[in-house]
Trainee: 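Okay, here's the structure, questions in a sec.
Note on naming: letters A, B, ... go to the chains in the order of the sequence lines (proteins, then strands), and numbering restarts at 1 for each one.
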Amino acid sequence: MQMPTPDAAILARRAAIVARLRAVIGAGDVIDDPVEARAYECDALSAYRCPPLAVALPTTTAEVAAVLRVCHEERVPVVPRGAGTSLAGGSMPTADAVVLGLARMNAVLEVDYGDRLIRVQAGRTNLSVSGAVDEAGFFYAPDPSSQLACAIGGNIGMNSGGAHCLKYGVTTNNLLGVTVVLMDGAVVELGGPMGEAPGLDLLGVVCGAEGQLGVVTEAVLRILPKPAGARPVLIGFDSSETAGACVAAIIRAGILPVAIEFMDRPCITATENFAAPGYPDCEALLIVEVEGTPPEIDEQLALIRALAQGFSPVEFRESRSEEESRRIWLGRKSAFGAMGQMGDYMCLDGTIPVSALPQVLGRIAEMSEEAGLLVANVFHAGDGNMHPLILFDANRPGDLERVEALGADILRLCVEVGGCLTGEHGVGVEKRDLMGAQFSDADMEAQMRVKDVFDPHWLLNAAKVFPLHVSASRREARRNAA
Amino acid sequence: MRPETEAELAAIIRGATAPLSPVGGGTRLRPGEGQGARLSTAGLRGITLYEPAAMTLVARAGTPLAEVQAALAAEGQRLAFEPDEAEGSTIGGVIAANASGPRRVKDGAARDSLIGVRFVDGSGAVIANGGRVMKNVTGYDLVKLMAGSRGTLGVLTEVSLKTQPVSPASATLTLAGLAADRSVAAMTAALTGPWDVSGAGRLPSGETVLRLEGLAGSVAIRAESLAARLAVFGPVETTEGDAAFADLRQIGRDMAAAAGPGRAVWRIVCRPSQAAALVAQLPGPTALDWGGALIWAETPAEWVPDLPPGAIAARVHGGPGLSLPPMAPALAALNDGVRGRFDPRGILAGAG
Ligand SMILES: Cc1cc2nc3c(=O)[nH]c(=O)nc-3n(C[C@H](O)[C@H](O)[C@H](O)COP(=O)(O)OP(=O)(O)OC[C@H]3O[C@@H](n4cnc5c(N)ncnc54)[C@H](O)[C@@H]3O)c2cc1C
């Protein structure tokens, strides 16, 4: 993975920069010890790492603004960081960058059940947002599998999704407003009641901008009353293609479950060995979850059962208790952990039109065979967001390169059938150099113009999202001017 | 000017020397808009892709909204955000205005159903963003930026939309004669419980209406349980279907049509908890939507609302256009900056 050469002039001024940061946010909130700073050298895309220049851990919006003002004056790059669970290298630093970590900003600032919103600091973890409103019978809908660890600021950075977004949407659909600090220290409020503001929908573009437009310090989130109940069914099939076809049929029939999750044989086997959820012995399975009161659930499940029969399922397992529901979800929830046990894996995140599922699953199987690499599939099937996991051994020379090549081919396939490179994990550094497969130069230029407005010197997380050669002139303008 | 292709449209914009006003059907122009030479998208017409099983529809911007709706209805689907409409409305205009009806409380605004755009910016460049899949975080989300941008950043040429199955059943619960504060309280009670309410409003007649949609059995169960919950507010009448919401969806339009000379129509968006006090202040007929978060009000032309913190308002009919509160300077700088980058020559200055 190519990254720009660190700016030697900044490295040389490291001590002075750290001193200035300490002067504005307190010595204890700035980490410059190389050993301690190691904790920030990568995110969950751990194949790539680089210790930062320093780490700043402010506790208020005013402190975030102060840190950014210093970095702006010093022309020091900044990498915003929530919990560092990005799978795309989004929060991976460069050697000449200050990591601005929001972890100490995790307060709940306001809860209003009548207006159905919560205002939190952006370092608060996703799950603890729901936790804060749980007793009153509410929840925050976007639920990435990493929700115990990941922060709302990171969710906004990546516009993260979750298992239940088929019904409830992703982060951007549940975000009403943010307080964002621009690189020059200006504090701006975006959004408003219902997420609406006069002028342009800048909230919509900040969400998913991967920390390149500003640092989000506070967020107003939509909270929803919890459904009366939920129940999953597990449906086993004798081929991945059939499972894919069943997904399309469910969607077409107009039944809108809250979740349709897919797992194929390699993944089922791995989770069975890891967590023993007692899944059936089959080529592929779907977990379909519906919500409501018990009779409402029965009504939906009867329809799903009737539809599934048309695809000759090897098993149709309806949960009859909390415990059975838990077991049905157990394998899905431990899938990534189970795959991790089997060795190293690269997790892809392309989205395809749901109607293309059978075709793409078939093609991936062929590509996996041709490359001699095992690919397991576990993903949010209802919205076409695939997560092929390519298994490999990072210690074997050449394996990572082969895996990356196969990964790139699979993502190009997703784009070819009308989909995209990433459905929820973001571009980061990982998919940066594939952007040209999806976008023309003019398309990328239009996106970069937005960054020009928010961050004219291209200091915020600048070596991400756009291929390096595409963003080079903008990034280098800063250095040449200095 | 009425280009027949995207390339023609781009050439017109590149060659333009004076401000243009992009229009679809011209059915959503606000006071002060549409002053430049009209650039019509009506020639860019037709549904280019519709895959019911993937719940996606792609249409050229000038496609009549009615044509989109007919195609969807034929497959038992619809636009979740149920935009208001008038004779001639185009899908591009709907998106450029982010026109969103009652179902916004449950399924979001037009921008939440929009998954891809193509447009020609003010310099004549053709730009694509998003695509035709429901989950997509590849690059910046210019799709959201274009929704509601009212032609100021570029002229939409094609939009991709997520569609929604039509619910097999629906029911409307009506409470007559509740004062605004009681009406908002009733709507809030409904929206904060497990009933999956897909519309909550108060018509100018004073009727408070709540909509439930879904499978027939489920709608019946929820209707009964919600009626029981709302009994404390007064008698609840439950009817099949959602005719009242067809009215609510058009209410801003109807108010504007009914407003005589010297009258204006305001569109106010606030927190539901602020709605009752605002209604008390308003000197004419009002309607509420989105559980009280949206207020439509007919007022004397010169009248200006006194907004609570966070609320926003726009005069959408009668009198000169006005948007409140004024933008904070840093926010205005961002808006102007983005406009300047997408339209460096001010060619789209005739837009919103
Ligand atoms: C096991 C596992 C499971 C996962 N499951 C899912 C899933 O189901 N769905 C999903 O969508 N993702 C998933 N992810 C990916 C990841 O958790 C999400 O991208 C998450 O939102 C990142 O949050 P974070 O706080 O860790 O952000 P970080 O990794 O710290 O940062 C992510 C990006 O956001 C930017 N950023 C962080 N904070 C801010 C801020 N305050 N202001 C501006 N920009 C900021 C960063 O610069 C970076 O570009 C998973 C990851 C793991 C490891």
Trainee: Which answer fits A:Val220, side chain, backbone, both or neither, if we ask what part of it has an atom under 4.5 Å from a heavy atom of chain B?
Mentor: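 For A:Val220, there is no contact with chain B at all, as no heavy atom is under 4.5 Å.
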Trainee: Looking at A:Glu299 and B:Arg222, is any side-chain nitrogen of the basic one under 4.0 Å from a carboxylate oxygen of the acidic one?
Mentor: no
Trainee: Side chain from CB out, backbone as N, CA, C, O: work out which of these in B:Gln274 comes under 4.5 Å of a heavy atom of chain A, or both, or neither.
Mentor: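 Contact with chain A is absent: no heavy atom of B:Gln274 under 4.5 Å.
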Trainee: Which atoms form the tightest heavy-atom contact between B:Thr138 and A:Cys420, and what is the distance?
Mentor: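 Result for this residue pair: OG1-CB, 3.5 Å.
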Trainee: Heavy atoms only: give me the nearest B:Arg104-A:Met194 pair and the separation to one decimal.
Mentor: NH2-O, 3.0 Å
Trainee: So, B:Glu51 and A:Ser355: side-chain donor and acceptor under 3.5 Å apart, yes or no?
Mentor: yes
Trainee: Using non-hydrogen atoms and a 4.5 Å limit, figure out which bit of B:Asp336 sits close to chain A: side chain, backbone, both or neither.
Mentor: neither
Trainee: Using a 4.5 angstrom heavy-atom cutoff, name the option from A:Met444, A:Lys167, A:Arg116, A:Glu196 with the most pairs to chain B.
Mentor: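 The option with the most such pairs is A:Glu196.
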Trainee: Just by modelled atom types, is the B:Ser273 backbone N or O under 3.5 Å from a matching donor or acceptor in the A:Asp115 side chain?
Mentor: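 Yes, because the side chain of A:Asp115 sits within donor-acceptor range (under 3.5 Å) of the backbone of B:Ser273.
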Trainee: In terms of heavy-atom proximity below 4.5 Å to chain B, should A:Glu210 be classed as side chain, backbone, both, or neither?
Mentor: side chain
Trainee: When you compare the side chains of B:Asn136 and A:Thr351, does any donor N or O come within less than 3.5 Å of an acceptor on the partner?
Mentor: no
Trainee: Which atoms of B:Leu153 are under 4.5 Å from chain A, going by heavy atoms: the side chain, the backbone, both sets, or neither?
Mentor: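 When you check distances to chain A, only side chain atoms of B:Leu153 fall under 4.5 Å.
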Trainee: Please classify the contact between A:Ile352 and chain B as side chain, backbone, both or neither, with a heavy-atom cut-off of under 4.5 Å.
Mentor: backbone
